[in-house]
Amino acid sequence: MHMADALVSPAVAGTLYVCSAAAAAYSVKQVRLDTDTKKIPVMGVMGAFVFATQMINFTIPGTGSSGHLCGGMLLSALLGPYAGFLAMIGVLLTQCLLFADGGLLALGCNVWNMAFYGCFIGSLLIWKPIMRNGMSKIKIIAASIIGCVLTLQLGAFSVTLETMASGITELPFGAFAATMQPIHLAIGFVEGMITAAVLVFVHEARPELLFANSGAERAEGRFSLKKTLAILSVAAVLIGGLLSLVASAYPDGLEWSIEKLTGASELEAAGGLHQAASSIQDFTSLLPDYSFKDSETPLGTTFSGIVGVLVVVGVCIGACLLFKFFKKSKARKEKKRDE
């Protein structure tokens, strides 16, 4: 559901950049109050895991369309809404600049549509209330499916609103929405099941890693924290480096919807800012479309998956160091020394 620049006007793009930046600034402020240092490696590993899973487009049977995880619900269920949102920005920024996946002008829109709803609406209004009186596998599955379906519907509807407000395409709002919502309903359901499977694994492995798990301190996990993160890290590399080779070739829900209405999966945009954004992406995207430039070898996809995983880990952990996230307070340090 990465929007291309051709769908948005500079005014709409600028507005969503401001909205997304405001949410990011507030998230930075909130995360700096968090002293849970184990979230640093979790942020890096899970950001990389979401990047890898987004490379795996799954076919929606009978439609000729495909979908992939957004990942906001998954990240916020592990990191909380604020750290999850910042990790999602790291994923989307890497995809945009290194792989030209999603427009640079539309980046603020993509952050809002794919990260804000999953991390804030999904986490605070769905996940946390469902887990209020204790966590269980059934609750995790229910929250994952409900959260992914609802937040993806909100994201898809926002795409149609932003496109309509931009007014630079001939996509009719009613028909566009009527095409976008049903296909993303199916995609959201599949994402919910995949998200549930990952979170159930974490619940069994290290239950204290899950957001709003009030009984985690008394629960015993099957694996150590290091082993759990190692398993997820290996999974991210295998998914990005190998499983990405068998991803569905069908257009994703957004491209499919545009093609249904216009006959083309991509639209062209004109204008100074659009051209400038395109030029910047041409310069920064060393692996456009997750492949080597001017080459269709499968090794380009494998290389892109592995490089992307490593870059996202670096971006997320680098952000933690740059903004001094998850630093132990002086009181906690003194208490630990006294013990």
Exercise. Given the rule in the ring pair (Phe, Tyr, Trp, His ring centres under 6.0 Å) test, do F99 and F51 qualify, once you have shown the distances and angles that lead to the verdict?
Worked result: CA-CA 12 Å; F99 303 101; F51 168 86; 5.6 Å; yes

Within this structure, what is the [atom1]-[atom2] distance for the pair [X] and [Y], rounded to the nearest 0.5 Å?
| X | Y | atom1 | atom2 | result |
| --- | --- | --- | --- | --- |
| L105 | Q275 | CG | CD | 11.0 Å |
| N213 | I140 | CG | CD1 | 7.5 Å |
| W256 | T179 | CH2 | OG1 | 6.5 Å |
| C109 | L161 | SG | CG | 11.0 Å |
| T53 | L243 | OG1 | CG | 11.0 Å |
| Q181 | L185 | CD | CG | 9.0 Å |

[X] side chain to [Y] main-chain N or O, any donor-acceptor pair under 3.5 Å?
| X | Y | answer |
| --- | --- | --- |
| S66 | Y250 | yes |
| S295 | F292 | no |
| K128 | A212 | no |
| T302 | L242 | no |
| S278 | H274 | no |
| S166 | S9 | yes |
| S123 | F120 | no |
| E268 | A6 | no |
| D34 | D36 | yes |
| D5 | A106 | yes |

Less than 4.5 Å apart, any side-chain heavy atom of [X] and any of [Y]?
| X | Y | answer |
| --- | --- | --- |
| I187 | D252 | no |
| L254 | F176 | yes |
| L33 | Q30 | yes |
| M135 | P207 | no |
| L125 | L150 | no |
| K139 | N133 | yes |
| L286 | V307 | no |
| S144 | W127 | yes |

With a cut-off of 6.0 Å (strictly less than), are more than 12 heavy atoms of other residues, nucleotides or ligands near [atom1] of [X]?
| X | atom1 | answer |
| --- | --- | --- |
| K260 | NZ | no |
| L321 | CG | yes |
| K293 | NZ | yes |
| F201 | CZ | yes |

Please give me the minimum heavy-atom distance between [X] and [Y], naming the atom from each residue.
| X | Y | answer |
| --- | --- | --- |
| V42 | L229 | CG2-CD2, 3.9 Å |
| I141 | A196 | CA-CB, 3.8 Å |
| A83 | V31 | N-CG2, 3.4 Å |
| I317 | G44 | CG1-CA, 4.2 Å |
| S285 | Q281 | OG-O, 2.5 Å |
| C96 | G102 | SG-O, 3.6 Å |

For this session: Kindly indicate, with the supporting measurements, whether the criterion side-chain contact (heavy atoms from CB on, under 4.5 Å) is fulfilled by I231 and F223.
Result: CA-CA 10 Å; I231 292 172; F223 305 126; 3.9 Å; yes

For this session: Would you check, one step at a time, whether the test side-chain contact (heavy atoms from CB on, under 4.5 Å) holds for K38 with L209?
Result: CA-CA 9 Å; K38 68 175 177 288; L209 291 180; 3.9 Å; yes

Exercise. Strictly by modelled atom types, are E162 and N113 linked by a side-chain donor-acceptor pair under 3.5 Å?
Worked result: yes

Exercise. Are T59 and S248 close enough that a side-chain donor and a side-chain acceptor fall under 3.5 Å?
Worked result: yes

For this session: Taking the six-membered ring for Trp and the full ring for Phe, Tyr or His, determine whether the centres of Y290 and F303 are under 6.0 Å apart.
Result: no

Same cluster for [X] and [Y] if Ile/Leu/Val/Met/Phe/Trp/Tyr side chains link at under 4.5 Å?
| X | Y | value |
| --- | --- | --- |
| F323 | F326 | yes |
| I194 | L238 | no |
| M114 | F58 | yes |
| M164 | I258 | no |
| Y17 | I168 | no |

For this session: Return the orientation label for the W112 and Y117 ring planes: parallel under 30°, perpendicular over 60°, tilted otherwise.
Result: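 If you compare the ring of W112 with that of Y117, the planes turn out perpendicular.
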
For this session: Check the pair H2, L92 against side-chain contact (heavy atoms from CB on, under 4.5 Å), reporting the backbone distance first and the verdict last.
Result: CA-CA 9 Å; H2 297 77; L92 294 170; 3.7 Å; yes

Problem set entry | Verdict with reasoning, L199 to L78, per side-chain contact (heavy atoms from CB on, under 4.5 Å) | CA-CA 8 Å; L199 294 178; L78 285 161; 4.0 Å; yes

